[in-house]
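For this chain, numbers begin at 1 and follow the sequence in order. Quick note: numbers below take in every heavy atom, side chains included, and nothing from hydrogens, waters or symmetry partners.
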Amino acid sequence: MGSILNDVDRTAIRQRIGSVTSTSVPRWGRMDAKAMLTHLKQSALMALGELPVACKNKRAFQVFPIKHLILHVVPFPKGAPTAPELLVPDAASVDAIRSELVSLLERIGAGPREGDGPVHPLFGRLSFREWGVATYKHTDHHLRQFGV
């Protein structure tokens, strides 16, 4: 599994993000390209601990092996529900949102690798390494949604 903490993985993700335009069409789901990039931007802010997101109190997702399977083994399902805090409109242009998203991913990549990171609304407390994997996997999922 890739990780946003890995320079090679982060570079590949950054290049794929650069392929998303305002006219990119999703293969599934209801988000357009701008909404998807905004969603990933909000998710990156959550990973940095700068956007608090309400806990879903789904204890089963916070313990081994379920947490491990979802983070490291099985793909994210298409159409899975998300936190409302991650679905906000953004008046900025696609280019501006893309630039901010890339900057946030670089901040995550330059951040700590050891110890506990912020609380995830579904998985509970994640280590920084788990956040690196979750951020990569989530970003990859949505880039695949748009065929990049």
Side-chain angles (χ1 to χ4, degrees), residues 1-56 58 61-62 67-68 70-148:
M1 177 51 56
S3 174
I4 214 70
L5 300 178
N6 179 300
D7 292 338
V8 173
D9 293 337
R10 196 170 56 258
T11 297
I13 287 286
R14 186 175 56 241
Q15 290 170 344
R16 290 169 63 197
I17 289 170
S19 299
V20 178
T21 68
S22 60
T23 60
S24 296
V25 178
R27 294 178 172 178
W28 74 83
R30 296 183 298 248
M31 286 190 268
D32 61 16
K34 184 176 178 180
M36 181 271 292
L37 291 171
T38 301
H39 171 69
L40 291 176
K41 181 184 89 170
Q42 294 298 103
S43 297
L45 288 168
M46 178 180 66
L48 287 163
E50 297 176 13
L51 177 69
V53 177
C55 182
K56 302 295 179 222
K58 304 275 185 174
F61 292 97
Q62 298 177 11
K67 180 177 171 178
H68 178 82
I70 294 171
L71 287 176
H72 299 283
V73 180
V74 298
F76 286 160
K78 297 173 182 174
T82 191
E85 296 92 337
L86 305 180
L87 296 173
V88 297
D90 193 323
S93 70
V94 167
D95 290 338
I97 296 166
R98 183 189 310 106
S99 177
E100 189 174 356
L101 170 59
V102 167
S103 176
L104 291 167
L105 294 177
E106 290 299 325
R107 283 181 53 206
I108 294 168
R113 280 151 169 67
E114 301 301 325
D116 287 340
V119 174
H120 186 279
L122 184 61
F123 301 118
R125 180 72 59 192
L126 295 180
S127 70
F128 287 115
R129 289 191 185 275
E130 288 173 321
W131 270 111
V133 170
T135 300
Y136 176 88
K137 188 172 181 177
H138 183 236
T139 304
D140 174 69
H141 168 80
H142 284 293
L143 292 174
R144 288 177 189 271
Q145 178 184 11
F146 281 80
V148 295

Quick one, [X] and [Y] - any side-chain contact, counting heavy atoms below 4.5 Å?
{"X": "Arg14", "Y": "Glu106", "answer": "yes"}
{"X": "Met31", "Y": "Thr38", "answer": "no"}
{"X": "Arg129", "Y": "Glu114", "answer": "yes"}
{"X": "Phe123", "Y": "Cys55", "answer": "no"}
{"X": "Val94", "Y": "Thr21", "answer": "no"}
{"X": "Arg144", "Y": "Arg16", "answer": "yes"}
{"X": "Lys67", "Y": "Glu130", "answer": "yes"}
{"X": "Asp9", "Y": "Ile4", "answer": "no"}

Distance (rounded to the nearest 0.5 Å) between [X] [atom1] and [Y] [atom2]:
{"X": "Trp131", "Y": "Leu71", "atom1": "CH2", "atom2": "CG", "answer": "9.5 Å"}
{"X": "Thr139", "Y": "Leu37", "atom1": "OG1", "atom2": "CG", "answer": "10.0 Å"}
{"X": "Ile17", "Y": "Arg10", "atom1": "CD1", "atom2": "CZ", "answer": "11.0 Å"}
{"X": "Leu104", "Y": "Ser99", "atom1": "CG", "atom2": "OG", "answer": "9.5 Å"}
{"X": "Leu143", "Y": "Gln15", "atom1": "CG", "atom2": "CD", "answer": "12.0 Å"}
{"X": "His142", "Y": "Asp140", "atom1": "NE2", "atom2": "CG", "answer": "10.5 Å"}

Quick one: closest heavy-atom pair of [X] and [Y], and the distance?
{"X": "Ser3", "Y": "Val133", "result": "OG-N, 3.8 Å"}
{"X": "Gln145", "Y": "Met36", "result": "OE1-CG, 4.2 Å"}
{"X": "Gly111", "Y": "Arg113", "result": "O-NH1, 3.0 Å"}
{"X": "Val148", "Y": "Ser19", "result": "CG1-CB, 3.8 Å"}
{"X": "Gly132", "Y": "Leu5", "result": "CA-CG, 3.9 Å"}
{"X": "Pro118", "Y": "Ala47", "result": "CG-O, 3.3 Å"}

Throw together a table of side-chain donor-acceptor distances under 3.5 angstrom for residues 86-93, partners on residues two or more places apart or in other chains.
residue, atom, partner, partner atom, Å
Asp90, OD1, Ala92, N, 2.8
Asp90, OD2, Lys41, NZ, 2.6
Ser93, OG, Ala96, N, 3.1

Inset, instruction - Verify side-chain contact (heavy atoms from CB on, under 4.5 Å) between Ile108 and Phe128, making sure each step is shown before the conclusion. - result: CA-CA 9 Å; Ile108 294 168; Phe128 287 115; over 6 Å; no
Inset, instruction - Check whether any side-chain N or O of Lys78 sits under 3.5 Å from a backbone N or O of Arg27 as a donor-acceptor pair, and report yes or no. - result: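 Here the side-chain-to-backbone pair does not exist.
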Legend entry - With Ile13, the side-chain contact (heavy atoms from CB on, under 4.5 Å) member among Leu105, Val8, Asn6, Leu40: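 So the option named by the test is Leu105.
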Legend entry - Asp95 and Arg98 ion-paired at < 4.0 Å: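 Here Asp95 pairs with Arg98 in a salt bridge, since their nearest N and O are under 4.0 Å apart.
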